[in-house]
Amino acid sequence: ESLPGAKIVTQDDRYLHAVFTSKIMGFQDDTEFLVSDDKQSVQVRSGSRVGKSDLGANAARVAMLREMSAGKL
């Protein structure tokens, strides 16, 4: 929730669902994380709720989160 526009909707030991709201237009994107049973991998889904294109916002967000988790940011 420390990221701009982020709000955690659901969270438990293996799953997290966050909603990111854009600053200017107020569009909402859903981002979900699911940790595997063996805790060796994380599945990520990030998608826009409306529109045909998000101009790469979700891919950029996932890349940024990946870098943050690797300690690069």
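A pairwise comparison of heavy atoms in Phe20 and Pro4 identifies CD2-O, 4.0 Å as the closest pair.
Through side-chain heavy atoms spaced under 4.5 Å, either directly or across other Ile, Leu, Val, Met, Phe, Trp or Tyr residues, Phe27 is tied to Ile24, Met25, Val50.
To the nearest 0.5 Å, atoms OG (Ser46) and CG (Asp54) are separated by 7.5 Å. Note that the CG atom of Leu65 and the OG1 atom of Thr31 stand 7.0 Å from one another [nearest 0.5 Å].
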With side chain to side chain donor-acceptor pair (under 3.5 Å) as the test, would you mind laying out the steps for Asn58 and Ser48 before giving the verdict?
CA-CA 7 Å; Asn58 283 293; Ser48 301; 3.1 Å; yes

Report the C-alpha distance between Lys7 and Glu1 in whole Å, list the side-chain angles of each, state the deciding distance to 0.1 Å, and finish with yes or no for side chain to side chain contact (heavy atoms under 4.5 Å, CB included).
CA-CA 5 Å; Lys7 180 180 181 200; Glu1 287 186 310; 4.0 Å; yes

Begin from the C-alpha positions of Arg14 and Asp37 and carry the test side chain to side chain contact (heavy atoms under 4.5 Å, CB included) through to its verdict.
CA-CA 8 Å; Arg14 294 185 47 226; Asp37 289 334; 3.1 Å; yes

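The neighbour count for Gln43 CD, taken as heavy atoms of other residues, nucleotides or ligands under 6.0 Å away, does not exceed 12.
Counting heavy atoms from C-beta outward, Arg49 and Val19 have side chains that approach closer than 4.5 Å. Within the 4.5 Å cutoff, side-chain heavy atoms of Asp30 are placed close to those of Arg45. Thr10 places none of its side-chain heavy atoms less than 4.5 Å from the side chain of Asp12. Between Glu32 and Val44 there is no side-chain heavy-atom pair separated by less than 4.5 Å.
Connection of Val62 to Val42 is established within a shared hydrophobic cluster, with ILVMFWY side chains joined at heavy-atom distances below 4.5 Å, either directly or through further cluster members. In the hydrophobic cluster analysis, where Ile, Leu, Val, Met, Phe, Trp and Tyr join through side-chain heavy atoms closer than 4.5 angstrom, Val9 is grouped apart from Val35. Transitive grouping of hydrophobic side chains (ILVMFWY, heavy atoms separated by less than 4.5 Å) brings Phe33 and Met68 into a common cluster.
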